[in-house]
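Okay, so here's the structure we're looking at.
Numbers restart at 1 for each chain; the letters A, B, ... are given by sequence-line order, proteins then strands.
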Amino acid sequence: MSSLPDLTLFEARNALGEGDLCPVEYVEALLSRIDTYDGTFHALLDVAADKALSVAKNLKKQRYINKLPPLFGIPFLVKDIIDVEGSITTCQSRASSNRLADKNAECVQRLVDSGAIYLGKTSLYEFALGGPDFDEPWPPARNPWNPDFTPGSSSSGSGAALAAKFAPLAMGTDTGGSIRSPAMMNGVVGLKPTFDRLPTEGLFPLAPSMDTVGPMARTVQDVGIAFSCLAGNSSGASPKMGRAPRLARLDHLWREELSTEIDVAYLFDTAMDDLELAGATLIYRRSASMKSFNSVGWLTLFAEAFQIHRDTLKRCPDRFGNTVREMLLRGAHVSAADYTAAQHLRGALTNSIDECLHDVDGIILPVSTAPPCELEDKDAMADLTAASVRVICNVTGHPALALPIGLSSKGLPLGIQIIGRKYEEEHMIAVGSWVQEKIRTWSAGNCPDVSKTAPQRVGSLQTDLPKNTQCDGLISQTLS
Amino acid sequence: MKNITLPATKRLPTEMRGKNPIDGAESREIYERLDLTEAFERFPVDCVMALQRAHGLKQALRTCLLEFDPQSKISGGEQ
């Protein structure tokens, strides 16, 4: 058997189900790995070590009593904008209310009901919107493939934690691409579901008309298993494709409208060749422009986010980090007429994507036209934001699955996204599974050797990690 | 409906079209109207940047509306 953190969710589930692996032993192995490496990656804001071990011990007893639930003994992490009972939801911001969640968010509860073990909270960009601010009390997450590089936004910690093998499953949120960006940049898989397919109760909102929550894991199969539990399907099975898919290429969106780095174009084309050789049918189609998706998406997002944070911006604007404050202020200038115009166009853009999905199994696009860049290079980070091809699905509400296809010339992961028809996530996962199998420039579950990318610092869990309890004190201090 | 042509003195020079024509003093007035005076006083650079970027986004939206539906009656609005 591989070392325990190496196990995919599927492998761990089988080992736990067969009794070859004890939930306590598994949790302990992951805690030890977090303790060793997270001092470098800062993927976690809080580790619920005692709680996780206690639940694992109880599960160990249950193993001999009941039919095992589909995620029996699987540890999972949660982006710290999602409520977990008994834990403060910090949203990684000094402006967040000092509120202890009195119950689990619905998505967390569904995982717990499926037998999964909550392991801790992952870091994010402030309120799932800002940038990697270095003036915040929590350090931004770093990419396990190379800690000098960004792990993507805004579910940064969830992506980094999966690549560093701190857990086999993590939850993220996606309002403008925040599951798919870190999925790509850390070489893992992320699913942004159809708007309103998964419950968002218990999430701190960013832009309520676009907010979604979804699973991230190291393989498409693992994401499929988690999605089935989150969607209320107790089978916990991941769908498979029985034939080669038909896929629509909307290359005009990025080749004509965005500046594309050569690494991205080369790997994307290589992946498309692999798919065609394996029998896929690729059809070129044209949708509305990237400019229209961007203007509608960002205008809607800033307007809705401003409404949520308006009072705090008025009373104490200094509580926000520099990046998020400026972004929120953009929303102050969106009038009712602008917002209405954006929603009018949004309907037409949704029809445009629906038309492109006619008689195909999905749309295929890169996640970004630029590879991950150095975290502290502000210009490159701004270019990376402009290279996003992700907001399309947030505008239209369609589901999308991001998966890795290879490494850039600097050794950082690149990825594609498959957009599916609304409420047909299972079919999209089946397509993604087929695609992942046929792409020869990436093997499913590939991860960096963190023993080489991170110096080992045993004991960091106790000394270095900014915990929720510390945040609690800091926020109280700020509020007083 | 009569066409309204702005007098030459009110028109933006070509190089300014699509860019933010608002200076610092006007920005202050806008933020005061929005009841965000404190934000402007403490973070004037962020405020001017936010105004410029919002302005750019709104311009892009109007262009897209016209491209998508040249007959559109919905054109967005000025603050």
Query - Rounded distance [0.5 Å steps], NE2 in B/His55 versus CZ in A/Arg330 - result: 14.5 Å
Query raised in the report: Considering only heavy atoms, which portion of B/Thr63 lies under 4.5 Å from any heavy atom of chain A: side chain, backbone, both, or neither?
Result: side chain
**Report entry** Between CG on residue A/Asp318 and CD on residue B/Glu38, distance to nearest 0.5 Å
**Finding:** 7.0 Å
Requested in this report: Could you tell me which non-hydrogen atom of A/Asn322 sits nearest to which non-hydrogen atom of B/Asp46, and how far apart they are?
Outcome: O-OD2, 3.9 Å
Report summary line: CG (B/Leu57) and NE2 (A/His333) are apart, to the nearest 0.5 Å, by 11.5 Å
Query raised in the report: What's the spacing between A/Ser295 OG and B/Gln59 CD if we round to 0.5 Å?
Result: 11.5 Å
Query raised in the report: Which members of residues 297-315 of chain A, sorted by number, sit under 4.5 angstrom from chain B on a heavy-atom basis?
Result: A/Trp298, A/Leu299, A/Phe302, A/Phe306, A/Leu313, A/Lys314, A/Arg315
Requested in this report: Would you give the length of the straight line joining atom CZ of B/Phe68 to atom CG of A/Leu349, rounded to the nearest 0.5 angstrom?
Outcome: 5.0 Å
Query - Set of salt bridge (charged side-chain N to carboxylate O under 4.0 Å, His left out) partners for A/Asp133, sequence neighbours left out - result: none
**Report entry** A/Val296 and B/Cys64, any side-chain heavy atoms less than 4.5 Å apart
**Finding:** no
Report summary line: d(A/Arg325 CZ, B/Met49 CE) to nearest 0.5 Å is 10.5 Å
Query raised in the report: What pair of heavy atoms forms the shortest contact from A/Ala332 to B/Leu34, and how long is it?
Result: O-CD2, 3.6 Å
